[in-house]
Amino acid sequence: MTEPSSAPATPKDFIREIIDEDLASGKHSGTVTRFPPEPNGYLHLGHAKSICLNFGIAEEYGGRCHLRFDDTNPTKEEVEYVESIKTDIHWLGFDWGEHLYFASDYFEQLYEWAVHLIRSGKAYVDDQTAEEIRKSRGDLQTPGTESPFRDRSIEDNLELFSRMRAGDFADGEKVLRARIDMSHPNLNLRDPVLYRILHAEHHRTGDAWCIYPMYDYTHGQSDALEHITHSLCTLEFENHRPLYDWFLENLPVPSLPRQIEFSRLNLNYTVMSKRKLLQLVTEGHVSGWDDPRMPTISGIRRRGYPPEAIRSFCKTIGITKFESTNDFALLEASVREVLNRTASRYMAVLDPIKVVLTNYPANFVEEMEAMMNPEDPEAGSRNVPFSRELYIEREDFMEVPPPKYFRLSPGTEVRLRSGYFIRCEEVIKDDAGEIVELRCTYDPETRSGSNPPDGRKVKATIHWVSASHAVDAEVRLYDRLFASEFPDRGEGSFLDHLNPDSLKVLSNAKLERNLSSAEIGETVQFERLGYFCVDPDSTADRPVFNRTVGLKDAWAKAKGQG
RNA sequence: AACUCCGUGGUGUAACGGUAGCACAACAGAUUUUGGUUCUGUUUGUCAAGGUUCGAAUCCUUGCGGGGUUGCCA
C-alpha cells in the first residue's frame, strides 16, 4: 500500500490527515461524509467548496457522500430549492447515488430521543416566552438564570411534550429545552431549545407535525443515524461542537460521528451570504438567481464557467481553519486554464467598423481554413468565408496610433487572422467626424499559410468577419458585480458598492457564420477577446452571448499605465 | 470584556524539530498568424518578544492582531 517515495503526493489538508489517522488507527474502516444544505435558497460558490470537499473525500477514499436536506424549518423551505440544489451538485460533477436523505425523515426518531432525554431528566418543557428566554440566557459576560419551569417533574414534562406534539398549544407558547447549564461560558450549552411549536405546512411531512426540532438537536443525530464518520462544516459551528457531542453522549445513537470545522469560502468583489444574494434578487439589482454576475452555481453556469474549473479552483484554495479571502483572479485563472484547453475558437466583432478591400474582386468568396483550437490539434479546423467587405473591431484601428500600438492605422499593415495582410489606404468619416469605413488593399501573396516573398512582417494579427456572411448578435459584457473589494466592510449597505458598469450590452455584434450553430450553454473563445457562452435568451435568428471571462490583455495593461 | 478558533510574500496554500516551496498576481525577456497560450527569469514572507534545542514557521510562555458566539435560523 505504500506509495513510491518518488511520487510528490499532493499535500493533504488537515481534514484528510485526520481521516488518514482514523483509518490507520482502526477507528473507522471506511469514510462516510455528507453535504447537508437547507433547501431555502440556491447554492453558491461557498457551497461548491463544501461539495468538492465532501464528495471529493468520498471519491478519494472509496467511501460515500450523502446528500441530506436539512429541512427542519418549514417556514423557510421549499421544494423548488431541493430540485435546484440537486441540479447544481450534478452539474458540478458529483453524485450521491442512492444516498438521498432528509432530516425530516428522522422526525419520529428525533421525537423518541427527546422523550428519552426527558425521562433521564435532561430536557424540560419551558413556558417562558421567546423574549423571557432571551433575557434569562445572560450574555457573553453574564451567566444566565434558570427558568422557573426547569424543575418540572418528568411526568409533567412527558405530558406537556406529548401535548405539544398533539397541537394543544399555539406557536411560541412552549418549547422543549435541554437541561444543561445556564451559566456555561459557551452560550450554546445554556439550556438550548430543542423543539419549537410551528403550525406550518412542511414541504415533505405536510401537517403531520406542529413541533419541529432545531438544527443543533437534529444535525448530529442525523449524522449518527446515517453512520457519517466525519461531519464537515464551517467555522461558525465550532462553538456548537460541544452541544453536538453532548447529544451523542446522552442519546443511544448507533454511531459516533465527529464534527470538524473548516473556513468558509470568501471571495473579494462579491458577497456570499444567502441573505444578501436573496436581496440582490428580490430588489432587482440582478436579473435573478442565475444572473451571470451572481456567485451562485446557476449564475456561474450561465456565465459559462466550466464545472471542471470550479473543481480545480476548490482544489487550489485548499482547506484550512484560517478565515481568508480568495482573490477573484484565482477563480478566473482556473476558468481560463480549462477553457484555453477546451474551447473552440471563432471570430466575432463586438464593435464593428466596415473594411472594404478595394483590390479584392466583388461577389467573390473564399473559404479560409482556420484552426478550431491551436492548443488541441485533434480539434481540427473550420472554414471561414472571406470576401471584399469585412468588419473589424473598432479598437483595432486608430487614426493617430500611440507608441507601441501594433494594430491598423493609416498606411500600416496587419494580418487578418487566417486571412491576408491588409493595408489601410483611406479613412471614410461621416459628417460628425465618426469613422464609418476603412478602404484597404490586400496582398494576394499573403493568404493564410504563406508569407510575402519580400520577407516583410506585420506586428499584429487582428480578427474579422465577412460582412455579407455575418450573424447579428447581442453580446453581454459582464464585469464584477461590486466595485469595491470588500463590499461587506465599512459603513453603509453592501449595495452602495454595486458596480454600475457590471453589465454592458452590445447589440450590434457580428459573428462568424459558424457560430450560428452554437448551442445554449456552450462556451467558446472569440479570438483575441475572451470566452463567451451562449445564453438561454438566444433565439434562432439572434444569438445572445455572455462574456465568461476576457483573455489576458497586455495591451490594455500597457495602455492603462500610460 | 467571557469562551473559543486562528496568524507563513500582494492573495491563497505547503513545509509535521533539519535548505521557507508551490499557485495566482506583479515585473522583465524569449516564442507566437490570438498583445492569448507556452517557456525563462526577477521582486516580495514565517505577527512580536522571550524561552527550550546543536538547530524553531514548527515546541513552551507572554503580548499583539483577526474570526466566531448573546435566533423559538441553519
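Remember, it's a predicted structure, so these values are computed and weren't measured experimentally. Residue numbering restarts at 1 for every chain, and letters A, B, ... go by the order of the sequence lines.
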Can you name the atoms? Protein N/O to nucleotides 41-45 of chain B N/O, anything below 3.5 Å, with the distance.
none

Verify the contact: side-chain N or O of [X] to OP1 or OP2 of [N], cut-off strictly under 4.0 Å; return yes or no.
X      : N     : value
A:R345 : B:U34 : no
A:R137 : B:G71 : yes
A:T325 : B:G12 : no
A:T72  : B:A74 : yes
A:T320 : B:U13 : yes
A:R196 : B:C73 : yes
A:K552 : B:U37 : yes
A:K557 : B:C27 : yes

Distance alone, cut at 3.5 Å: any donor-acceptor contact between the side chains of [X] and [Y]?
X      : Y      : answer
A:Y42  : A:E80  : yes
A:H47  : A:R264 : no
A:E512 : A:Y346 : no
A:Q259 : A:S231 : no
A:E366 : A:Y420 : yes
A:E236 : A:T234 : yes

Given the structure, check if the side chain of [X] and the base of [N] hold any donor-acceptor pair shorter than 3.5 Å.
X      : N     : result
A:R336 : B:U37 : no
A:Q525 : B:U34 : yes
A:E131 : B:G71 : no
A:R528 : B:U34 : no

Quantified in whole Å, what is the [atom1] atom distance between nucleotide [N] and nucleotide [M]?
N     : M     : atom1 : result
B:A25 : B:U31 : C1'   : 23 Å
B:G65 : B:A1  : P     : 9 Å
B:U58 : B:U8  : C1'   : 11 Å
B:C3  : B:G9  : P     : 29 Å
B:U11 : B:U46 : P     : 13 Å
B:C64 : B:A15 : P     : 30 Å
B:A28 : B:U43 : C1'   : 11 Å

Heavy atoms only, 4.0 Å cut-off, all strands: where does [X] land among base, sugar-phosphate and nothing?
X      : value
A:A130 : base
A:Q128 : base
A:I133 : base

Hey, does the Lys NZ or Arg CZ of [X] hover above the aromatic six-ring of [Y], less than 6.0 Å from the centre and inside 45° of the axis?
X      : Y      : result
A:R489 : A:F486 : yes
A:R204 : A:F102 : yes
A:K321 : A:F262 : no
A:R196 : A:Y212 : no

>> Determine whether A:R407 and A:E393 satisfy the following criterion, side-chain contact (heavy atoms from CB on, under 4.5 Å), listing intermediate values before the conclusion.
In response: CA-CA 10 Å; A:R407 280 109 98 154; A:E393 206 69 63; over 6 Å; no

Identify the pairs formed between an N or O of the protein and an N or O of nucleotides 2-5 of chain B at a distance under 3.5 Å, and give each distance.
{"residue": "B:A2", "atom": "N3", "partner": "A:L140", "partner atom": "O", "Å": "3.4"}
{"residue": "B:C5", "atom": "O2'", "partner": "A:E238", "partner atom": "OE2", "Å": "3.1"}

> Is B:G71 in the syn range, within 90° of 0, or in the anti range?
Replying inline: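 Nucleotide B:G71 adopts syn.
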
>> Just to be sure I understand: a Watson-Crick pair is purine N1 to pyrimidine N3 plus N6-O4 or O6-N4, both under 3.5 Å. Using that and G-U wobbles, which stems of three or more pairs involve RNA chain B?
In response: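 Correct response: B:2-7 with B:64-69, B:10-13 with B:21-24, B:26-30 with B:38-42, B:47-51 with B:59-63.
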
> In terms of side-chain geometry, is the basic nitrogen of A:E38 or A:R68 positioned less than 4.0 Å from the acidic oxygen of its partner?
Replying inline: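 Here A:E38 does not pair with A:R68 in a salt bridge, since their nearest N and O are not under 4.0 Å apart.
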
> A:F262 CZ to B:G68 P: how many Å, rounded?
Replying inline: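 Result: 16 Å.
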
> In terms of ring plane angle, is the pair A:F247 and A:Y217 parallel, tilted or perpendicular, where the classes change at 30° and 60°?
Replying inline: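 If you compare the ring of A:F247 with that of A:Y217, the planes turn out perpendicular.
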
> Do the rings of A:H202 and A:F107 sit parallel, tilted or perpendicular, given the 30° and 60° boundaries?
Replying inline: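 Geometry flag for A:F107 against A:H202: perpendicular rings.
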
>> Reading RNA chain B from 5' onward, which residue's closest nucleotide shows up sooner: A:S263 or A:N40?
In response: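 On the 5' side of the pair lies A:S263.
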
>> Both A:N451 and A:V193 contact RNA chain B. Taking the nearest nucleotide for each, which residue is further toward the 5' end?
In response: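 So the residue in question is A:N451.
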
